[in-house]
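Note sheet for the following structure.
Basis for what follows: all heavy atoms, side chains included, without hydrogens, waters or symmetry-related copies. Per chain, numbering begins at 1; letters A, B, ... match sequence-line order.
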Amino acid sequence: MKEKQGPLEQAVSNDYKYGFVTDIDTDTIAKGLNEDVIRLISHKKNEPEWMLEWRLKAYAYWLKMVEPDWANVKYPIIDYQDIIYYAAPKPKKQLNSLDEVDPELLSTFEKLGISLSEQKRLTGVAVDVVMDSVSIATSFKEQLAEIGVIFCSISEAIQLHPELVRKHLGSVVPMTDNYFAALNSAVFTDGSFCYIPKGVRCPMELSTYFRINTENAGQFERTLIVAEDESYVSYLEGCTAPMRDENQLHAAVVELIAMEKAEIKYSTVQNWYPGDKEGKGGIYNFVTKRGICKGDHSKISWTQVETGSAITWKYPSVILKGDYSIGEFYSVAFTNNHQQADTGTKMMHLGKNTRSRIVAKGISAGHSQNSYRGLVRASKQAINARNYSQCDSLLLGDKCGAHTFPYIEVKNKTAIVEHEATTSKIGEDQLFYCRQRGIDPEAAVALIVNGFAKEVMNQLPMEFAIEAQKLLTISMEGSVG
Amino acid sequence: MIDLTYLNDRFEHLQQASADDGIAVIRKNSFDSFNKTGLPTYRTEDWKYTSISNLFDESFAQAGHTITLADLDALRMPGHHKANELVFVNGRFDATLSNILSTDDELTVLSLKDAAKGEYKDLVARYLNKSSEYMKDGVHALNGAFIEEGVFVYIHKGKTPQHPLYIYHILDGRDHPVMAQPRGLIYVAENSRLQLTETYATLGVSDSFCNGVLEVVVDQNAYVEYYKIQNDKSNASQVSTTHITQIGRSYVHTVTVTLNGGVVRNNMNLVLDAAGNETHLYGLYLLKGKTHADNHTMIDNKQPNCFSNQLYKGIADDFSTAVFNGKIMVQPDAQKTNSFQSNKNILLSDNATINTKPQLEIFADDVKCSHGCTVGQLDEEALFYLRARGIPKDKAEVLLLQAYAADVLAHIKPMAIRAYVEKLIYEHLSIV
């Protein structure tokens, strides 16, 4: 029984509108992973010796590790020798302005709704775009440089600011942290680097846009953000990939460092290709994201909207080391068809009077499985630590699953930790109320789901909030009735 | 790493001695399963916060005992003169110390061996060791491998025994450290009623370890109240598994009170295998010294229209550790499930630890499930209120903690048992 075409269905004819492939010359290396591949990547990027040594060390460590299996997700064994570890659009030469960028590339990003040229000047967001393995262009560099903000690709940072990179790279997520972090440390190809000097409030949103284009390529990017004393930065991240039948691996590492009284706001709208209705294809999104509130009174806030990927496995975390530091985590994870998501956060309270807040909303539809997994730890020194966590799940349909695994570990008698979680479906009375007022079922469900996710959406910067809301509506296509 | 090879010898010896007692196959399968999984380590998710492998040391003997009726008298709970008492000594059911008041048409007590051969052999075959479908760890398997002198209780159809059932687990640690692995199976038939209280006591000063499994099967329209009271010595450790399967629409009500002990691990499993079941689980743990108490609850909702409610409250003082893990599973068929869970903790010392992990795994959509947990301290204002009225700080604290515990104690229905537990708690909290 199909309802007649609603405005929603007309508006969105494709399930995944970012699924096209750009036909562009790419410089790829052969599939497989060994020391030579790492040397080749390092050589191609013209890296200094210490960087290569760091990579090789991580690789040696990775070889000794076993792939973890504790997450509530199922997938066939990944053949790490069947992945291309480096794919870069050609020609790769030093770019001085956007005019020199391959027009084919520019139009790709136009199609994705990310204009690197004129329009972006109006919205005032500085963008770094990464396609497959390399950063293509970064806008607003000069304007940012004037006030001392460094915003560039990490490869560039390794060349131009080696002292900063060397000091901070791997300081929050060590290469030995976990299987995918070790792999990333060995083979990461690009990503963004941003550095906000003391006392500077970054005047515009910084943004990175990730795109996987080449078949069989894995994307391994590395992002490093350092906010010095009394600085502020808001950072956005978006991602898409073409529709392919094979699963592709995305294993990124993001590190945030907030010094005294600094604040970092990190927002993600993750929309990797989720696979088709039968669960074929899609991206494996295995990401390690962690921030450290190093200085007193610092703050790190993660906001994420997860609608894509066949499998999402990520836990943006905050280490609350400085006294009076604050960690926040706001998340909406939507899974449809055969998607699987195991996501959540970790709040490690180490300093005195630290506070954290977790709001996680999971929505599952179709045959999907959606898990929240979180850890709140108040150590012995974390006097007056305070945490509040809320995680709610909404089930659309009777074939999907919603799971919660919150861990709470308290070793301090002055700590107060609260956790609450609910699971339910959309109330019949709510639906009835909307339908009675002439709203068709699909639009009614969209309305209710958007209301359910509102608390998190409100945390996103304006432009992103609108996009995320649209995305949520599109992802829900076909999950009702 | 301790050497466990002695278990092989003991197992072979037991299998030879009682080869044809009808339980040999279960023992064999359990021992195979133990050999495959071994003892849990901190890497085993369900045993992440609780380490017990040192309790399987060879020096923990399973030898004979010298317990007399006089020893038992000192341990008896109030109301015992009107109760059916089952006594396990060092994990073995002891018929001579036990005392059954109810008539045989109300309640039948047999040794597991006899039950496995006689009239009830089908029930034993069908339900004994069903718990292994849920408990995959080596500790549970070891109990199964050493089922020897277990007990079988049958509550007859339509009967409400006048006398409640008390189970005592006595460990004789007067000469040497002791290990016990008691086992029981209780079948509560249609339209019948059971009130059961289980408690533990170690005699002497040696270490003791009790790894017990009790399985309860509850049939249509039956009503079960179950109370577990743990207030043993500080060097007495326990792994206590209670596996309740509700095979007919029925009512189950349990209260677990943990006051003292070494390492105490409780597995409270409820399998709701019929539509319309109702289950209430309550727990209270008041920990001092170095006691480590770990409460794992598991509710598996397999059929529609079930209701369950859980309330676990606890206090951790001194160097103690409290662990709570509450798992609620809702299977695809279990539509219209309502399942609620709440875990509240008070941490009184910086050397104490609380680890709590509520867990929901939901595969049906028309459900209402919620869980909440908190870790905090005594209310400063309430404390101030009492102190402003001339009540000294330590007295005021005991008063507030008693009030905190009262939420759970109110669910102990038999007055004699509730008064007994209240007294234990008062003594427990007042000793500084």
Quick one: what part of [X] sits under 4.5 Å from any heavy atom of chain A, side chain, backbone, both or neither?
X        : answer
B:Pro332 : neither
B:Tyr49  : side chain
B:Lys344 : neither

Best-contacting candidate, [options], against chain B by heavy atom pairs under 4.5 angstrom:
options                                : result
A:Cys400, A:Gly401, A:Ser371, A:Ala402 : A:Ala402
A:Thr422, A:Val410, A:Ile416, A:Leu395 : A:Val410
A:Tyr388, A:Tyr407, A:Tyr372, A:Phe405 : A:Tyr407
A:Val417, A:Thr414, A:Ile426           : A:Val417

- Message: Tell me whether the NZ or CZ atom of B:Lys313 lies within the 45° cone about the ring axis of B:Tyr404 and under 6.0 Å from its centre.
- Response: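 That pair qualifies as a cation-pi contact.
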Is the cationic atom of A:Lys361 (NZ for Lys, CZ for Arg) positioned less than 6.0 Å from the six-membered ring centroid of A:Phe452 and within 45 degrees of its normal?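 So A:Lys361 does make the cation-pi contact.
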Can you tell whether the side chains of [X] and [Y] come within less than 4.0 Å, N to carboxylate O?
X        : Y        : value
B:Lys393 : B:Glu380 : no
B:Lys136 : B:Glu133 : no
A:Arg290 : A:Asp177 : yes
B:Lys357 : B:Glu45  : yes

ring-ring contact (aromatic ring centres under 6.0 Å, His included) for A:Trp62 and A:Tyr179? Distances and angles first, verdict last.
CA-CA 6 Å; A:Trp62 178 76; A:Tyr179 189 78; 5.5 Å; yes
Original post:
Does the pair A:Asp342 and A:Arg373 meet the rule for a salt bridge (charged side-chain N to carboxylate O under 4.0 Å, His left out), with working shown?
Top reply: CA-CA 7 Å; A:Asp342 193 314; A:Arg373 189 185 300 275; 2.9 Å; yes
*Should the pair A:Trp313 and A:Trp70 be assigned to parallel (<30°), tilted (30 to 60°) or perpendicular (>60°) ring geometry?*
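A:Trp313 and A:Trp70: perpendicular rings.
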Side chain / backbone / both / neither for A:Gln390 at chain B, heavy atoms under 4.5 Å =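 The answer is neither part of A:Gln390.
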Do any of residues 348-355 of chain B come closer than 4.5 Å to chain A, heavy atom to heavy atom, and if so which ones, in number order?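 Expected list: B:Leu348, B:Ser349, B:Asp350, B:Asn351, B:Ala352, B:Thr353, B:Ile354, B:Asn355.
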Sequence neighbours left out, what passes side-chain hydrogen bond (donor to acceptor under 3.5 Å, both in side chains) with B:Asp366? Give chain and number order.
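Checked B:Asp366 against side-chain hydrogen bond (donor to acceptor under 3.5 Å, both in side chains); matches are B:Lys336.
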